[in-house]
Amino acid sequence: MRTIYRLLPIIFSILFFSCKDETNDQTQVRRPINYTILIDLSDRILTENQLDKDIYLIESAFQIFKNKALKNLIITSKDRFSVKIIPQKNSKVSKDKYEDLLHIYLDELNVQDKNSTLISFSNSLNKTLNNLKEEALYSHNRKDYFGVDIWAYLHDKGLKLSLDNYDNTIFILTDGYFDFEDQSHVIYEKNQFTSTIFLSKLNQ
């Protein structure tokens with residue numbers, strides 16, 4: 001199942017939910033899930049507490065992913081979770097290193113390794129994200145950061161982010177503010193949101 005990529009016409013943090021097939025078969029085994037988080041580490045991270053908010057969202061999404069993976073019998077789970085860094089010219093962040101550390105593909109693991117790898121990933125996630133935070137904040141001068149081209153990234157890699165026969169969920173953490181209290185001005189269209197309201201929907 002492929003996600004249809006559409007960006008709302010503003011720069012905000014946007015959540016993409018893939019469409020789910022309607023079915024009347026209540027006994028159908030759920031599709032494996034594929035959570036992909038794209039993070040923009042341009043000068044937006046100079047906004048006060050922005051990376052802390054990003055870390056909170058990533059850890060919250062992973063916790064929901066972990067709970068779902070465990071419910072699906074870890075030994076047979078094919079669920080996937082990954083954080084990907086949108087490329088930025090002259091970035092000092094070790095993109096490949098962090099993308100390697102910030103993904104777990106249960107479908108690629110041996111049965112006997114799945115549970116221990118999930119636990120290890122869970123235990124190391126916060127430390128890895130905080131190391132990324134330190135490396136990403138290499139300057140407090142906005143001119144030292146280049147913008148990212150989300151449109152080009154999705155054009156070149158968008159189709160590879162979703163997997164056939166998976167329920168694909170893609171998060172984009174980019175310019176904008178997260179509204180933890182007031183949801184009255186949230187912009188949404190079908191399954192696309194410009195706030196963190198999606199976290200509760202992931203639990204459904």
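Values reported hereafter were calculated over all heavy atoms of this structure, with side chains retained and with hydrogens, waters and symmetry mates removed.
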For Phe65 and Asp79, what are the C-alpha separation, side-chain angles and deciding distance, and is it a side chain to side chain contact (heavy atoms under 4.5 Å, CB included)? CA-CA 8 Å; Phe65 166 87; Asp79 298 332; 3.5 Å; yes
Is a side-chain donor-acceptor pair under 3.5 Å present for Asn168 with Ser162? no
Here the gap from Ser122 atom OG to Glu59 atom CD, rounded to the nearest 0.5 Å, amounts to 9.0 Å
Any chance CD of Gln112 has more than 12 other-residue heavy atoms, nucleotides or ligands included, within less than 6.0 Å? yes
List the steps, then state whether ring-ring contact (aromatic ring centres under 6.0 Å, His included) holds for Phe62 with Tyr35. CA-CA 8 Å; Phe62 174 72; Tyr35 282 12; 9.5 Å; no
Check whether the side chains of Asn141 and Ser139 place a donor and an acceptor atom closer than 3.5 Å, and report yes or no. no
Would you say the side-chain atoms of Ser82 and Glu99 include a donor-acceptor pair closer than 3.5 Å? no
Nearest non-hydrogen partners of Pro87 and Val148, listed with the distance: O-CG1, 3.4 Å
Would you say the side chain of Leu51 lies within less than 4.5 Å of the side chain of Leu41, judging by non-hydrogen atoms? yes
When you look at NZ of Lys97, are more than 12 heavy atoms from neighbouring residues, nucleotides or ligands closer to it than 6.0 Å? yes
Min side-chain heavy-atom separation Leu38-Thr36 under 4.5 Å: yes
Please list, chain by chain and in numerical order, all residues satisfying ring-ring contact (aromatic ring centres under 6.0 Å, His included) with Tyr153, sequence neighbours excluded. none
Using the salt bridge (charged side-chain N to carboxylate O under 4.0 Å, His left out) rule, take Asp43 and Lys143 through it: C-alpha gap first, then chi angles, then the decisive distance, then the call. CA-CA 8 Å; Asp43 65 349; Lys143 293 182 179 180; over 6 Å; no
What do you reckon, are the aromatic ring centroids of Tyr105 and Phe81 less than 6.0 Å apart? no
Any chance you could measure Ser116, atom OG, to Asn110, atom CG, to the nearest 0.5 Å? 10.0 Å
Can you hop from Leu46 to Tyr138 via hydrophobic side chains spaced under 4.5 Å? yes
Please report the closest heavy-atom contact between Glu135 and Ser94, naming both atoms and the distance. OE2-N, 2.8 Å
Answer yes or no: is there a donor N or O on one side and an acceptor on the other, between the side chain of Ser91 and the main chain of Gln88, under 3.5 Å? no
Mind checking whether Ile86 and Ile39 have side chains closer than 4.5 Å, heavy atoms only? no
Could you tell me if Glu134 and Asn130 have a donor-acceptor pair between their side chains, going purely by distance under 3.5 Å? no
Gap between atom CG of Leu125 and atom CG of Leu102 - 0.5 Å precision: 6.5 Å
Say whether Ile33 and Leu70 are linked into one hydrophobic cluster, either directly or through other cluster members, by side-chain heavy-atom distances under 4.5 angstrom. yes
Please confirm whether the backbone N or O of Ser77 pairs with a side-chain atom of Lys114, one donor and one acceptor, at under 3.5 Å? yes
Would you check, one step at a time, whether the test side chain to side chain contact (heavy atoms under 4.5 Å, CB included) holds for Asn165 with Arg31? CA-CA 7 Å; Asn165 300 316; Arg31 293 173 180 266; 3.8 Å; yes
What is the distance from atom CG of Asn90 to atom OH of Tyr145, rounded to the nearest 0.5 Å? 13.0 Å
Is there a side-chain contact between Asn126 and Leu129 (heavy atoms, below 4.5 Å)? no
Considering non-hydrogen atoms only, spot the tightest contact between Ala136 and Ile45 and give its length. O-CD1, 3.3 Å
Counting C-beta onward and ignoring hydrogens, is there a side-chain heavy-atom pair between Leu132 and Ile85 closer than 4.5 Å? yes
Atom CZ of Arg44 and atom CG of Asp54: how far apart are they, to the nearest 0.5 Å? 4.0 Å
Pair Lys78-Tyr166, side chain to side chain contact (heavy atoms under 4.5 Å, CB included): steps then yes or no: CA-CA 9 Å; Lys78 296 181 180 180; Tyr166 273 74; 3.6 Å; yes
Could you tell me which residues satisfy side-chain hydrogen bond (donor to acceptor under 3.5 Å, both in side chains) with Ser124, sequence neighbours excluded, listed by chain and number? none
Audit row: Lys53, Leu173, side chain to side chain contact (heavy atoms under 4.5 Å, CB included) steps and yes/no: CA-CA 10 Å; Lys53 293 177 181 179; Leu173 304 186; over 6 Å; no
Flag the pair Arg80 / Pro32 as yes when at least one side-chain heavy-atom distance between them is below 4.5 Å, and no otherwise. no
With the side chain counted from C-beta on, respond yes when Tyr98 and Val93 share a heavy-atom pair under 4.5 Å apart, and no when they do not. yes
Got a second to check how far Leu109's CG is from Leu118's CG, nearest 0.5 Å? 9.5 Å
